[in-house]
Undergrad: 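Provided herewith is a single structure, encoded as structure tokens, for subsequent inquiry.
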Amino acid sequence: MKLRQRGQQLGTPVGSTESLKTQISRWENGRVAPGDFHRQLLREVLNVSDEGLGFVAAEVSTALSSPPSLTQALGRAALFEAGSTAHLHHQVEAIRKADGQSGAADVLEYARKLLNDTTQQRRYLVQTGARRELAAVTADLASLVGWQSLDVGDLDRAWTAFEEAKSAAREAEDNALLAHATGEQSFALLDLGRGSDGAAMVAEARQLHGLPPRLTAWLHAAEAENRAAAGDGEAARRSLAAAEALLPSSDEDAALTPYLRLDAANLTRWRGHCLGRLHDPGAVAELLEGLASVRGRYSRAEASVLVDLAAAELHRDDRDQAQHYLRQATSLANRMGSVRQRRRLEALRQAA
């Protein structure tokens, strides 16, 4: 479909063909109006102006009318039915994929707009089943937006997004989503230099009932990073050992939590990062192994490992090798627009 192709050219995911068909149907029957990004796609693909597409007239009509009443808002929300979240899941997965490959900068505004839309719709849903279903997607999306906001250095909006994710997860009655959002939120505290508080937050999330082993392992690894940042090497190593012991040996359950990415390679990178923070001599070997698993595939993870390697080599006083990794990390962080990694790089340059 030409709309999908043009969206991909612009670096913004627009969902699957099926989800686009659903959206187009909703536009045609007047249920919802296309947003600014989809209007741009329609203008470019169809080579028709806003007037030709009827947007201007609709905007004038909207401007002359009063704000939607509660009855109207409830009526629009009632069009959402249980089982209608498939297209939203596709959109979230497309955002997640683009984010992992090229960073948050290209997709963050789109993700924030989608989060705002789903939050507004959920606010006026009456049916409990439909509301819980939408809340689960909202929790996943809000957590992703929070993580992306961390990457661009916007801690305030990251914190707000994680709070929205936790609220939605509670409404969805999904402890896994709640624990994951809480674990990711701890990194906002870590970035503020409050690793001990972050570790306590993650430890509390681990107490939630019914968490799958892979998620529990992920929480232990997140706690390890917070502990390492706080300088508590013994506790960090205990958490890493717990994560390794709990991580399932197969990926059979991975589809149960699509928002959670943790396998042996991920854990190797995480262990290397923690050991690097603790100035452990074994960090470089772990990081090099971890780098091989993401090189050219996942830009955010690759940039993070390169920064870790630069830090580890500086600590070993191998400045030539450190500069080698710094150059690569800088190029990648700039291309991705990752403020978080650029801040880490600047700190390393000052230390050097």
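Along the sequence shown, residues are numbered consecutively beginning with 1.
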Undergrad: Can you give me the closest heavy-atom contact between Ala329 and Ala303, atom names plus distance?
TA: CB-O, 4.3 Å
Undergrad: What do the steps show when you test Ser304 against Gln341 for side chain to side chain contact (heavy atoms under 4.5 Å, CB included), and what is the final call?
TA: CA-CA 7 Å; Ser304 180; Gln341 298 303 333; 3.8 Å; yes
Undergrad: Using modelled atom types only, decide if a donor and an acceptor are shared between the side chain of Thr138 and the backbone of Leu134 within a distance under 3.5 Å.
TA: yes
Undergrad: Does a donor on one side chain sit under 3.5 Å from an acceptor on the other, for Arg335 and Thr330?
TA: no
Undergrad: Assess whether a salt bridge exists between Arg237 and Asp280, defined as any Lys/Arg side-chain N lying under 4.0 Å from an Asp/Glu carboxylate O.
TA: yes
Undergrad: Any donor and acceptor pair, going by atom type alone, linking the side chain of Arg277 with main-chain N or O of His273 inside 3.5 Å?
TA: no
Undergrad: Which pairs would a plain distance check flag for residues 198-212, meaning a side-chain donor or acceptor within less than 3.5 Å of a matching protein atom at least two apart in sequence or in another chain?
TA:
unit_1 : atom_1 : unit_2 : atom_2 : d
Arg206 : NE     : Glu223 : OE1    : 3.1
Arg206 : NH2    : Glu223 : OE1    : 2.9
Gln207 : NE2    : Ala203 : O      : 3.4

Undergrad: Quick check: do Leu108 and Ser149 have side-chain heavy atoms less than 4.5 Å from each other?
TA: yes
Undergrad: Are the charged groups of Arg344 and Asp308 less than 4.0 angstrom apart, N to O?
TA: yes
Undergrad: Which heavy-atom pair separates Leu74 from Tyr124 by the least distance, and what is that distance?
TA: CD2-O, 3.3 Å
Undergrad: Is any NZ, NE, NH1 or NH2 atom of the basic residue among Lys97 and Glu93 found under 4.0 Å from an Asp or Glu carboxylate oxygen of the other?
TA: no
Undergrad: Please answer: with hydrophobic residues joined when any side-chain heavy atoms are less than 4.5 Å apart, are Tyr325 and Leu345 in the same cluster?
TA: no
Undergrad: Could you measure the distance from the CG atom of Leu189 to the CG atom of Asn226? Nearest 0.5 Å is fine.
TA: 7.5 Å
Undergrad: At their closest point, which heavy atom of Ser143 faces which heavy atom of Phe162, and how far apart are they?
TA: O-CE2, 3.4 Å
Undergrad: Check Asp151, Asp154, Asp191 against Arg340 for a salt bridge (Lys or Arg N to Asp or Glu O under 4.0 Å) and give me the one that passes.
TA: Asp191
Undergrad: Give a yes or no answer on whether the side chain of Thr160 reaches the backbone of Asp156 with a donor-acceptor pair at less than 3.5 Å.
TA: yes
Undergrad: If you look at every heavy atom in Val152 and Gly337, which pair is closest and at what distance?
TA: CG1-O, 4.3 Å
Undergrad: Do the non-hydrogen side-chain atoms of Tyr298 and Arg269 ever get within less than 4.5 Å of each other?
TA: no
Undergrad: Do the charged groups of Glu346 and Arg343 touch, with an N to O distance under 4.0 Å?
TA: no
Undergrad: Applying salt bridge (charged side-chain N to carboxylate O under 4.0 Å, His left out), name anything that partners Asp320, two or more places apart in sequence or on another chain.
TA: none
Undergrad: Quick one: does any side-chain atom of Asp232 pair with a main-chain N or O of Ala228 as donor and acceptor, under 3.5 Å?
TA: no
Undergrad: Is Arg132 paired with Glu171 through a side-chain N to carboxylate O contact shorter than 4.0 Å?
TA: no
Undergrad: Tell me whether Val137 shares a hydrophobic cluster with Leu125, the cluster being built from Ile, Leu, Val, Met, Phe, Trp, Tyr side chains joined at under 4.5 Å.
TA: yes
Undergrad: Under a plain distance cut-off of 3.5 Å, with no hydrogens placed, do Glu163 and Gln185 share a side-chain donor-acceptor pair?
TA: yes
Undergrad: Are the side chains of Val107 and Gln148 in contact, using a 4.5 Å heavy-atom criterion?
TA: yes
Undergrad: Quick check: do Ile95 and Leu144 have side-chain heavy atoms less than 4.5 Å from each other?
TA: yes
Undergrad: Going hydrophobic residue to hydrophobic residue with side-chain gaps under 4.5 angstrom, can you get from Leu267 over to Phe187?
TA: yes
Undergrad: CG/Leu314 to CZ/Arg316 distance, rounded to the nearest 0.5 angstrom?
TA: 11.0 Å
Undergrad: Please say yes or no: joined through hydrophobic side-chain contacts below 4.5 Å, possibly via intermediate residues, are Val305 and Leu240 part of one cluster?
TA: no
Undergrad: Taking all heavy atoms of Leu348 and all of Ala311, pick out the closest pair and write down the distance.
TA: CD2-CB, 3.6 Å
Undergrad: Within the side chain of Thr85, is there an N or O that forms a donor-acceptor pair under 3.5 Å with the backbone of Leu88?
TA: no
Undergrad: With rounding to the nearest 0.5 Å, note down the distance linking CG in Asp263 to OG in Ser293.
TA: 7.5 Å
Undergrad: Can you check whether Arg131 reaches Gln127 side chain to side chain, under 4.5 Å on heavy atoms?
TA: no
Undergrad: What closest approach, in Å, do Ala264 and Leu247 show between heavy atoms, and which atom pair accounts for it?
TA: N-CD2, 3.7 Å
Undergrad: What do you reckon, is CZ of Arg112 surrounded by more than 12 foreign heavy atoms closer than 6.0 Å?
TA: yes
Undergrad: So do the side chains of Ser299 and Leu332 get within less than 4.5 Å of each other, counting heavy atoms only?
TA: yes
Undergrad: State, yes or no, whether a side-chain contact exists between Glu244 and Arg271 at a heavy-atom distance under 4.5 Å.
TA: yes
Undergrad: If you define the side chain from C-beta out and look only at heavy atoms, does anything of Leu287 sit under 4.5 Å from Leu291?
TA: no
Undergrad: Output the distance between atom NE2 (His220) and atom CZ (Arg227), rounded to the nearest 0.5 Å.
TA: 11.0 Å
Undergrad: Could you tell me whether Arg122 and Glu164 make a salt bridge, using a distance below 4.0 angstrom between a side-chain N and a carboxylate O?
TA: yes
Undergrad: Does anything in residues 178-189 form a salt bridge (charged side-chain N to carboxylate O under 4.0 Å, His left out)? List the pairs, not counting sequence neighbours.
TA: none
Undergrad: Regarding His324 and Gln328, is there a side-chain donor-to-acceptor distance under 3.5 Å anywhere?
TA: yes
Undergrad: Tell me whether Leu246 is reachable from Leu215 by hopping between hydrophobic residues (I, L, V, M, F, W, Y) whose side-chain heavy atoms are closer than 4.5 Å.
TA: no
Undergrad: Any ion pair linking Asp317 and Arg319 (charged N to carboxylate O, less than 4.0 Å)?
TA: yes
Undergrad: Can Arg96 and Asp140 be said to form a side chain to side chain contact (heavy atoms under 4.5 Å, CB included), step by step?
TA: CA-CA 10 Å; Arg96 196 185 330 272; Asp140 183 11; 2.8 Å; yes
Undergrad: With distance as the sole test, does Arg214 use its side chain to make a donor-acceptor pair with the main-chain N or O of Leu262 at under 3.5 Å?
TA: yes
Undergrad: Main chain of Leu114, side chain of Thr118: is a donor-acceptor contact present, judged purely on distance under 3.5 Å?
TA: yes
Undergrad: Should the ring pair Trp270 and Trp218 be called parallel, tilted or perpendicular, given that the plane angle runs from 0 to 90° and is split at 30 and 60?
TA: perpendicular
Undergrad: Quick one: CG on Leu275 to CD on Glu286, what's the gap to the nearest 0.5 Å?
TA: 6.0 Å
